[in-house]
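Everything below concerns the one structure shown next.
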Amino acid sequence: MEGWLKATVHTALAASDFFTGSAIDELLAATRIERPRDKAHGHYALNVSPWARQLKKAPPLIAEALADALRSTVGMEALFSVATVAGFVNVTLKPIVFTRALQQMLSTPDLGKNTAMAHEAMLLEYVSANPTGPLHIGHGRWAALGDSLVRILRHCGATVTPEFYVNDAGSQMQKIAISLWLRTREPLIEAGKLPDVPLAMEYPYPGAYVTDLARGYLAQASDADVQALLGIWQQLPNTGPLAEDNTYGLQASHLAWITQHVQPFAHQTLMVEQQQLLASLDVNFEAWFSEKEMLYDRGAVEVMLQRLKTTGFAYEQDGALWLKSEALGDEKDRVLVKSGGQKTYLAADIAYHDQKYLRQDDNGQPQYNRIVNIWGADHHGYIARLRAAMVALGHLTDNADPKFEIVLGQLVNLVIDGERERMGKRRKMLTLADVVDDVGADAVRFWMVKQSADTALDFDVDLAKSANNDNPVFYVQYAHARCASIVRNALHPPQTSDTPTPPWITEDALAALTANPTEALLAPLFADDDDTANAEIAELLVLLDRLEPTVIYAAQTRSPHGVARYVQEVAAQFHKVYNACRILGEDTARTHARLALVLAVQRTLAQGLALLGVSAPNSM
RNA sequence: GCCUCAGUAGCUCAGCUGGAUAGAGCAUCCGCCUUCUAAGCGGACGGUCGCAGGUUCGAAUCCUGCCUGGGGUACCA
């Protein structure tokens, strides 16, 4: 309806003497077709005040001229009426326009689908956790945000590759392997293979999950592996705390054995755990990019460093290799290779992003025109240095180049029993898996995207779990289930009394309604004598019509919360209509038309929820 | 100090691509089930849009400064 109205206004402007000589497209771009705040003003409003400057006329005069132009549009009496208030032109649509809009919706296979972002070829990276432990609640926000964004962008025609960067290189992987090894002690004692003598130890990764990991390792280990493990334990000097360095007093050969035999198990097991959890949230990655395999094993970091040196963007000082990032917008230069010879995390990150830009499609062209990362606000300081590196490598023109984009999300606070728990590393952690088990995937996904990523999110476990009207997820799902229930009842009315109740509609008639919703079928939608119900139905259709612009805006601003808000509005308006009038009534023609409306609502809600990765149940 | 996000109703948040009397949910109070799911609907109550300037015909929205709170400011990963 919005699109149609805009086109109508365009035609009217072009045909009007008053606007002759003015740039109509510019005028239309300067204002938007919006919803009047006060419903008494009609269904749509056009504010012409922004045109005053260009036209050098007073807004009320312009509004009157536009209203006149619209009034002289051929056939308008049957479609809408206009009125002016100050600089506003208010438009009230006639029922036929709503009926046609409904007809349009029922004939559209993918509601809200559009091509607004068809030019985008985007690589979207998010979550990207180390495979050193379970995902925590904060990861859940990036997972929900990222996956919803992927769905929304694709609905707008964009090509998107969602990718997970697996940080599986570096000392933290050695730490987890050693932690696993340390945790084999108890099971080995239980099995009588090790003497139970006191041993002062500290665990680099203290979580209880490491114990499970150790038991899992032993369960699948060969006899030779177990013998080797016992060998390490027996030669260990029992000399007190072992956590000071990364070697834990282990002989080099033992350390090497652990790295070779234990680390792959830890890595693999934890990564698969993360993958399964994400899958249970219906968060779908196309690619899992391994830091170790893709960057280190293939020498990509080394090659990238050479390029920086050659181009003069990297220099040696104090025995370290530095990136000249200060000259490129960062607050200072950054270390790429430490004086000890180890490459920094930043070096790998740069190599990874370099690699993102170097990827090519089948025609040898750059595969992506936009690289987007979703990061937590705690990584904010990384933006400037990574941007600087991308400029240095020639991928960006300057540090404001929109080809590289970081979506920053504020952090998540877990609220348990009404108290905030900061997600600090030392505190007791509730894992994402625990929360999903507790409140369900739908609630987690909806809560994580229901508000702007710019605001810190309090995730209240008790509230998310509550199956009542405190919980917006259930509110929306309930509306969808209600739609499904009405259609079910229409086909197969519940038989409660002795006299059988005939169906409100046959399977065939319902099929006809969806396959070929003619104007004649839909025309009886509005009642002759119920203005309240009619107004609510019209309002509902205006809202359903807004799915597409809502999705486009959410895609452009990378804000899925707009869609979350939208589905709540649709649900609310549907509940209003449900209470204002009967869907299944005595008038068969009206019943059928209103069933069509219910189908449109159901499909809109299902589509909106699908864009958020939330299920749309048919009964609750 | 610097960078960054936020500050809107008692609480949690929309609105911020400048436009009509600033919205929703929760909470509190009052109503609505003999008929399609009451996990619902209606009504009432509730606001100096952090403060002060500026730009503009017009500012919650843009700019500047200040205040308060979160995050960041490593040859850590």
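Heavy-atom basis, side chains included; hydrogens, waters and symmetry copies ignored. The structure displayed is predicted, hence computed values, not measured ones. A note on names: the letters A, B, ... follow the listed sequences, proteins ahead of strands, and every chain is numbered from 1.
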Is the Tyr475(A) ring parallel, tilted or perpendicular to the His575(A) ring (thresholds 30°, 60°)? perpendicular

If you find the nucleotide of RNA chain B closest to His575(A) and the one closest to Asp378(A), which residue's nucleotide is nearer the 5' end? His575(A)

Measuring only between side-chain heavy atoms, which start at C-beta, is Trp447(A) closer than 4.5 Å to Asn471(A)? yes

Other residues, nucleotides and ligands only: do more than 12 of their heavy atoms fall within 6.0 Å of NZ on Lys292(A)? no

Going by a 90° cut-off around 0, is rC57(B) syn or anti? anti

If a pair means Watson-Crick or G-U wobble with both distances below 3.5 Å, what does RNA chain B look like in dot-bracket form, with | marking bases paired to a different strand? (((((((..((((.....[...)))).(((((.......))))).....(((((..]....))))))))))))....

Spacing of Asn471(A) atom CG relative to rU12(B) atom P, expressed in whole Å: 18 Å

For the pair Glu539(A) and Arg35(A), find out whether any cationic side-chain nitrogen is under 4.0 Å from an anionic carboxylate oxygen. yes

Can you give one letter per nucleotide of nucleotides 15-23 of chain B, going 5' to 3': B for a protein heavy atom under 4.0 Å from the base, S for sugar-phosphate only, - for none? SSB-BBB-B

Value for CD1 (Ile537(A)) from CZ (Phe574(A)), rounded to nearest 0.5 Å, stands at 11.0 Å

Report the distance from atom CG of Leu28(A) to atom CD1 of Ile33(A), rounding to the nearest 0.5 Å. 7.5 Å

Output the rounded distance in Å from CH2 (Trp447(A)) to C1' (rC26(B)). 10 Å

Around atom CD of Glu586(A), are there more than 12 heavy atoms from other residues, nucleotides or ligands closer than 6.0 Å? no

Send over the distance from Asp330(A) CG to rC2(B) C1', rounded to a whole Å. 13 Å

Can you tell me if His492(A) uses its side chain to pair, donor with acceptor, with the backbone of Arg488(A) under 3.5 Å? no

Looking only at side-chain atoms of Thr455(A), point me to the closest of rC36(B), rC13(B), rA74(B). rC13(B)

In residues 593-606 of chain A, which ones come under 4.0 Å of RNA chain B, going by heavy atoms? none

